[in-house]
Amino acid sequence: AAGCNGAMSVTGDYPHRCPNCLDRPERGPATMTSAAQDHEQQVYPPSPEFVATANAGPELQAAADADRLGFWATQAQRLDWATEWSEVLDWSDAPVAKWFVGGQLNVAYNCVDRHVLAGNGDRVAIHFEGEPGDSRALTYNDLLAEVCKAANTFTDLGLVAGDRVAIYMPMIPEAIVAMLACARLGLTHSVVFAGFSSHALRSRIDDAQAKLVVTVDGQWRRGQAAPLKPAADEAVADAASVQHVLVVKRTGIDVDWTEGRDLWWHETVDKASAEHEAQPFDAEHPLFILYTSGTTGKPKGIIHTSGGYLTQASYTHHYVFDHKPGRDVYWCTADIGWVTGHSYIVYGPLSNGATQVVYEGTPNSPNEHRHFEIIEKYGVSIYYTAPTLIRTFMKWGRDIPDAHDLSSIRLLGSVGEPINPEAWRWFREVIGAGQAPIVDTWWQTETGAIMISPLPGITATKPGSAMAPLPGISAKIVDDNAVPLGAGGNGYLVLDQPWPSMLRGIWGDMDRYKDTYWSRYAEEGWYFAGDGARYDEDGALWVLGRVDDVMNVSGHRISTSEVESALVGHPAVAEAAVVGAADETTGQGIVAFVILREGVTNTGDQLITELRNQVSTEISPIAKPRQISIVPELPKTRSGKIMRRLLRDVAEGRELGDTSTLVDPKVFEAIRAQGK
Ligand code: WT7
């Protein structure tokens, strides 16, 4: 593609997909052409009308530049604190930060009670839209009652501050209520995406030693009631830590029942008292654990705490989305199983008193009009979604959104992976009526909240660029030797200053925390994000994608080794190598190469189906390889390292790169023959 060297490699071993390549899939020369320069120079300044009412003004950056910690202290004042902090940041035990030292607050009180106390109890907090078409509105008064009832039930079950609760639920209001009830009691929640398998749930329950699991009988998926409790049952069978399973009746399907252990939500929570007084907790009290994929097979339990996390979630939601409480109708299409759901469905918006849409189902149930009908029905004004869905909408065609009145939309957001400029322009043109600003927000499970993004009303945006760190955030692009790069530089993204919503560690494994994020630039004390990035000639920041063995499939983070270990768990497989190959819709698709054990007969499609199912049961259907090739050998360096770069060349149908370090370059002829 013009302007892209195809590889954009920063390490030599990990080629990165350039956002431009998705527009023009053919790979081109390494030099920047004038077409690409035009591409990058195209800017979309904010309209004067938007600027006139924008939450963010130039004083925000000025204040952060003048006194970064003072700036964060001001942002923390967005919240109600029971006890004032004595120090904004204690970094003396780096890389474990303490923010708002000595401060005390209750996160649920900040997300619910204080809006009621301020007289906004009748404001809708959640417009719930179920997949089968049922809908329900919860005001802040309703939410407060529900959260108090759940908190009283959790207390009756013997849970006390510091205990862990696993939440394995679809997108229904009770999931949010359960999270807030945990927050209210100082229980640390671990939400496990309902698309994960029982194996994945079990390992997360064990790792965190969860005492309670909250789940549902089933969830609505594409018009069907899909059972979920059986997976929860399988996961908790002889899980020593689990005392109770609390079950919301969502679909009414039959479920197995373990007396004494299982409880219905409607027989407990619904009958509990709606009075509950929230107690304050320390700013550093652990709010949640959320598991995410890293470079090794075992998912990491990312720990987030209370005061700093809520400060940054609230600050970013207010300014990045230009959110006006009582006026906007906000919709983030993520699932609470991911960090986007935590920060931009639960904690950010609710701390700001938002009115938001929560939708249970898929975008094409019962048909491709669903999201646009919902936007029209509720008058959604802020719509935050992922590039993979935007590209899916593009495939479905603009006639579908064009059939709806989307005029309520005034701001659009994107998250999860680099957005290619073509999708960016389509989003603005078709969904945003050619006017809505787009915020392309870069962040991670680990960062807790948005770090790099345009500020609407301030930033003149470029399609495909996340532009610049937010006020209060500091990032650099550096090379292997920690030399910061300037305009035109292409290297690693690092965060060179601590930030309030930063992770505080990996549950049960502080060494892994230090090693994964802080050892690469230990001397400098920088956080290594795992993404490649570059500055263009104007200094706009472009995130290029992961530089480690982490894939990004439809915005889902999946590690190559996690899929590899699932595959070698199958008795037929001796060895497996997995790569993420560019995919027009999902960003990356999973491609696996496997070697069979001696004596195993290759039954072709039957075996491949079995292997794909193996991954689905071990991890989740979202981790199923798009393609599995059974090959006689894997390409390895003399030191025995699998050369994934070459496998990716094969998977993406490219000419092979440099094979000179391979033990046996001929391996490829055989792989290529199979890989088709
Ligand atoms: C990885 C983090 C942040 C919530 C959803 C994903 C990629 C995320 C962007 C963006 C380019 C992005 C990065 C990052 N990513 N947002 N706007 N532009 N890349 O959270 O599962 O922790 O994944 O997603 O590669 O490291 P996550």
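Note that ligands are numbered from 1 as they come in the structure, with each ligand's atoms numbered from 1 the same way. Position 1 is the first residue of the sequence, and the numbers go up from there.
- Between Trp443 and Tyr344, the ring planes are perpendicular. Angles over 60° get that label, and only those under 30° would be called parallel.
- Ring geometry, Phe193 versus Trp338: the interplanar angle falls from 30° to 60°, so the pair is classed tilted.
- Both the backbone and the side chain of Thr445 come within 4.0 Å of ligand 1, counting heavy atoms alone.
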Taking it one step at a time, do Phe321 and Trp331 satisfy ring-ring contact (aromatic ring centres under 6.0 Å, His included)?
CA-CA 11 Å; Phe321 298 110; Trp331 183 15; over 10 Å; no
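- When non-hydrogen atoms are compared, ligand 1 lies under 4.0 Å from neither the backbone nor the side chain of Ile419.
- Using a 4.0 Å cutoff on heavy atoms, Trp338 does not count as a contact of ligand 1.
- Close approach to Val543 involves these atoms of ligand 1, each under 4.0 Å from a residue heavy atom: 11 (C), 19 (N).
- When only non-hydrogen protein atoms are considered, atom 7 (C) of ligand 1 lies nearest to Gly416 O, 3.3 Å.
- Residue-to-ligand polar distances keep Thr292 apart from ligand 1: every N/O pair is separated by 3.5 Å or more.
- Listed here is the closest heavy atom pair of Ser293 and Val550: O-CG2, 4.1 Å.
- When atom types are taken as modelled, the side chain of Asp328 and the backbone of Tyr330 share no donor-acceptor pair closer than 3.5 angstrom.
- Looking at Thr441 against ligand 1, only its backbone comes within 4.0 Å, counting heavy atoms.
- Close approach to Thr340 involves these atoms of ligand 1, each under 4.0 Å from a residue heavy atom: 4 (C), 5 (C).
- The OH atom of Tyr527 sits 14.5 Å away from the OG atom of Ser474 when rounded to the nearest 0.5 Å.
- Remark: Arg204 is not positioned above the aromatic ring of Tyr168, lacking an NZ or CZ atom under 6.0 angstrom from the ring centre and at most 45 degrees off the axis.
- In summary, the atoms of ligand 1 found under 4.0 Å from a heavy atom of Val339, numbered by their order in the structure, are 4 (C).
- For atom 25 (O) of ligand 1, the closest non-hydrogen atom on the protein side is Asp531 OD1, 2.6 Å.
- A cation-pi arrangement, defined by a distance under 6.0 Å to the six-membered ring centre and an angle within 45 degrees of its axis, is absent between Arg428 and Tyr44.
- Of the protein's non-hydrogen atoms, the one nearest atom 3 (C) of ligand 1 is Trp443 O, 3.0 Å.
- The aromatic rings of Tyr347 and His189 sit parallel to each other, their planes meeting at less than 30°, with 60° as the upper class boundary.
- The closest heavy-atom contact to atom 23 (O) of ligand 1, among the options Glu417, His342, Arg557, comes from Arg557.
- Of the listed options Ala334, Ala386, Gly341, Pro418, Pro418 places a heavy atom closest to atom 11 (C) of ligand 1.
- Close contacts of ligand 1 with Asn552, meaning ligand atoms under 4.0 Å from a residue heavy atom, involve 7 (C), 24 (O).
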